[in-house]
Amino acid sequence: MNDKKVYVAYTGGTIGMKPSEKGFIPEYGYFSDQISRLPEFMSPDMPQIEMHEYETLIDSSNITPEHWYQISQDIESRFDEFDGFVVLHGTDTMAYTASALSFMLEDLSKPVIVTGSQIPWSQMRTDARDNLITSLMLAGNYDIPEVGLYFHNRLYRGNRSRKLDASGFHAFQSPNFPALAEVGTRIQIKEHLLLKEPAKPLKIQRIAPPKVVILSLFPGFDADMLEKVLDTDIQGLVLMTYGMGNAPSDDKNFLSVLRKASDNGVVVINCTQCYKGTVDMCGYETGHALLDAGVVCGYDMTPEATLTKLSYLLSSELTLEEVKQKMQLNLRGELTRS
Ligand code: ASP
C-alpha cells in the first residue's frame, strides 16, 4: 500500500458530469460514487485519496474569485496532512484558476495539480481516466512545489497554460515555457524547470473581486469607448496589443486617454495578442508610444496570468508603484525576462 496521501478538491466541470435532457450537468454524489469503485485505486502506485466534493458543483464558466479563495482555503486547511493536492475543475476557465492559485498560494512547497477532461468520466471515450489517475500520481509521488495543470500527457506550469482547443483532447498548451513533465510509458519530470522549494510556510492571499478589465485592440478601435471604460472606478487594464506590444501611435486621442488613465492611478499592462512571444515596447515606435503613455510591459505572460497577477497585486497592501514594479518581475515562473 502506498503511504502517500492526496487531497482532491472536486469543484465541478465536465469530468464528473452526467447526461441530462439539457446536456451534461454536474450532480452531487454522482462522480464520487463512480470513482470509488475503480480498481486502479487499489494499486500500490496509487496514493491514498480523500475527496472533498464541493456542495455546489459548478460549470467552470461560473467561477469567481470567491471560488478561488475557497479552493485556496481548502488546500491551506489540510496542507500539513497531505503530500499533494488535485483540483478537479472545468476546462473552460482552468487556466485562470491555475494562474490565480499560483499567486494566491504563497510559498507553496507541495504539488497542486489542476485537471479535468473534455469528455465526462461516465462516457465510453473519456479522457478523464488518464487525466485523473496521472494527476493523482504526480501529486502524491513527486516533489513539485508549484501549481501545475495536467492535461493529455503533459504537466504544464499553471500560470503558463492556456486552453487552445475547444474540443480536442490536447486542449491546453504552454506557448512560452516548456512542459514541466511529459508522460508516456514513463513519467519524465523536468526537474531543472521546477520552481525552488520555499523556506517559509504556506500563506494565502485573497484576490478581491477585481476592478480589472481586458480589452483587445483591433483596427478601428474607438478611444472614446476606452475613455468611458476608464472613467469608472477600475484599477487595472490589460491591453491586448498587436505583435511585440504595438498600438496605433497616430491616434493621439488613444494615447492621451491612456496617459490620463495612468496619471489617475489605473495600472495599464501591455499584453500581446500573439499566441507566442514577448512584448518589447522598444522594438517599434508604435510600442514606444505606449511606454511614453505610462503603460507597463507584460513581457511574455499569458492573458490569464496577467489578469490574475494584476488582481492579486491590487488586492494586497502595495503602493501603485510597487504593483507596477512587481508586474514586471518574475514572481512564480509566469514571466521570462532576459
Ligand atoms: N463547460 C465545462 C466547464 O468548464 C467544460 C469542461 O469542463 O471541459 O466546466
Side-chain angles (χ1 to χ4, degrees), residues 65 68 96 99-107 157 159-160 176-177 195 203 205-217 221 223 226-227 229-249 254-274 277-338:
W68 296 337
Y96 286 94
S99 297
L101 292 178
S102 79
F103 298 114
M104 297 169 83
L105 298 167
E106 297 177 350
D107 297 304
R157 173 161 296 151
N159 57 34
R160 291 284 195 163
N176 286 324
F177 199 74
L195 295 180
K203 206 170 101 223
Q205 154 81 52
R206 189 179 196 144
I207 290 184
K211 299 235 167 61
V212 168
V213 286
I214 300 191
L215 285 180
S216 196
L217 290 181
F221 186 90
L226 176 64
E227 190 169 23
V229 174
L230 292 169
D231 261 349
T232 56
D233 60 347
I234 78 159
Q235 298 171 285
L237 164 68
V238 178
L239 187 65
M240 303 297 298
T241 56
Y242 307 126
M244 283 165 69
N246 302 314
S249 57
F254 168 70
L255 294 172
S256 77
V257 167
L258 287 177
R259 176 82 261 165
K260 193 174 114 198
S262 179
D263 290 347
N264 288 342
V266 180
V267 182
V268 184
I269 310 294
N270 188 347
C271 186
T272 178
Q273 293 176 12
C274 289
T278 189
V279 168
D280 174 0
M281 287 157 86
C282 296
Y284 291 90
E285 188 240 329
T286 43
H288 214 282
L290 290 181
L291 203 60
D292 293 340
V295 175
V296 173
C297 186
Y299 294 92
D300 62 347
M301 284 188 287
T302 63
E304 293 87 344
T306 311
L307 181 98
T308 53
K309 181 177 177 181
L310 185 56
S311 308
Y312 159 77
L313 293 174
L314 288 169
S315 305
S316 61
E317 305 280 279
L318 301 170
T319 64
L320 269 187
E321 272 323 300
E322 286 169 333
V323 171
K324 289 184 189 173
Q325 207 187 357
K326 289 203 176 219
M327 278 308 293
Q328 298 173 82
L329 295 179
N330 177 10
L331 303 183
R332 309 276 194 277
E334 75 284 4
L335 164 159
T336 318
R337 239 184 115 167
S338 48

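Note that these values count all heavy atoms, side chains included, but never hydrogens, waters or copies made by symmetry.
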Partner set under salt bridge (charged side-chain N to carboxylate O under 4.0 Å, His left out) for [X], not counting sequence neighbours:
X	result
Lys326	none
Glu322	none
Glu321	Lys324
Asp280	none

Contacts of [X] that satisfy side chain to side chain donor-acceptor pair (under 3.5 Å) - sequence neighbours left out:
X	answer
Thr286	Asn246
Asp263	Arg259
Lys211	none
Thr308	none

Can you tell me which residue pairs pass the salt bridge (Lys or Arg N to Asp or Glu O under 4.0 Å) test with a partner in residues 289-305, sequence neighbours excluded?
->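 Checked against salt bridge (Lys or Arg N to Asp or Glu O under 4.0 Å) - neighbours excluded - the pairs reaching residues 289-305 are Arg160-Asp300, Arg162-Glu304.
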
Check ring-ring contact (aromatic ring centres under 6.0 Å, His included) between Tyr96 and all other residues, then give those that pass, not counting sequence neighbours.
->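 Tyr96 satisfies ring-ring contact (aromatic ring centres under 6.0 Å, His included) with no other residue.
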
Tyr312: partners by ring-ring contact (aromatic ring centres under 6.0 Å, His included), with sequence neighbours left out =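 So Tyr312 forms a ring-ring contact (aromatic ring centres under 6.0 Å, His included) with Phe103.
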
Is there any ring-ring contact (aromatic ring centres under 6.0 Å, His included) pair reaching into residues 316-338, and which pairs are they, with sequence neighbours excluded?
->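 Every candidate ring-ring contact (aromatic ring centres under 6.0 Å, His included) pair involving residues 316-338 fails, so no pair, neighbours aside, qualifies.
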
Chi angles and distances behind the side chain to side chain donor-acceptor pair (under 3.5 Å) call for Asn159, Ser102 | CA-CA 7 Å; Asn159 57 34; Ser102 79; 3.1 Å; yes

Side-chain donor/acceptor of Ser249 to backbone N/O of Glu285, under 3.5 Å |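 Answer holds: no.
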
Arg157 bridged to Glu334 by N-O distance under 4.0 Å =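 No, this pair does not count.
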
